[in-house]
Amino acid sequence: MRSREGQLSDNRPISRSRPEKEKQLRELREVLAGMKPHATPALRDSVKAKIKELEADLAAPAPPPRDRRPPRREF
């Protein structure tokens with residue numbers, strides 16, 4: 001089945017908020033710590049690479065908050 005433009009099935013990364021990235025980083029560290037000694041080196045390397053990527057992303061300063069519109073007045 002074909003996907004339409006803008007569907008979640010398109011080949012593009014999922015955008016996550018800062019708290020979601022922090023949660024994912026915690027979970028990946030737990031996964032890495034809980035890996036058995038016989039886990040494949042490729043799997044370990046991929047988890048370590050994702051951890052480094054998330055750490056670099058979180059080390060960058062957070063973007064300034066956007067100005068919000070004032071609330072609409074009901075008449």
Next item on the list: With sequence neighbours left out, write down each residue that passes side-chain contact (heavy atoms from CB on, under 4.5 Å) with Ser17, or none if nothing qualifies.
Entry: Pro19, Glu20
Next item on the list: Give the minimum heavy-atom separation between Gln24 and Arg16, together with the two atoms involved.
Entry: OE1-CD, 3.7 Å
Margin query: Distance check, rounded to the nearest 0.5 Å: Leu43 atom CG versus Lys48 atom NZ?
Written below: 11.0 Å
Item checked: salt bridge (Lys or Arg N to Asp or Glu O under 4.0 Å): pairs with one or both residues in residues 33-45, sequence neighbours excluded -> none
Margin query: I need the minimum non-hydrogen distance between Val47 and Leu28, along with the two atoms involved.
Written below: CG1-O, 3.9 Å
Notebook entry, point to check: With Glu53, which residues qualify under side-chain contact (heavy atoms from CB on, under 4.5 Å), at least two apart?
Noted result: Lys50
Checklist line | Distance-minimising heavy-atom pair for Asp57 and Arg18 | finding: O-NH1, 4.4 Å
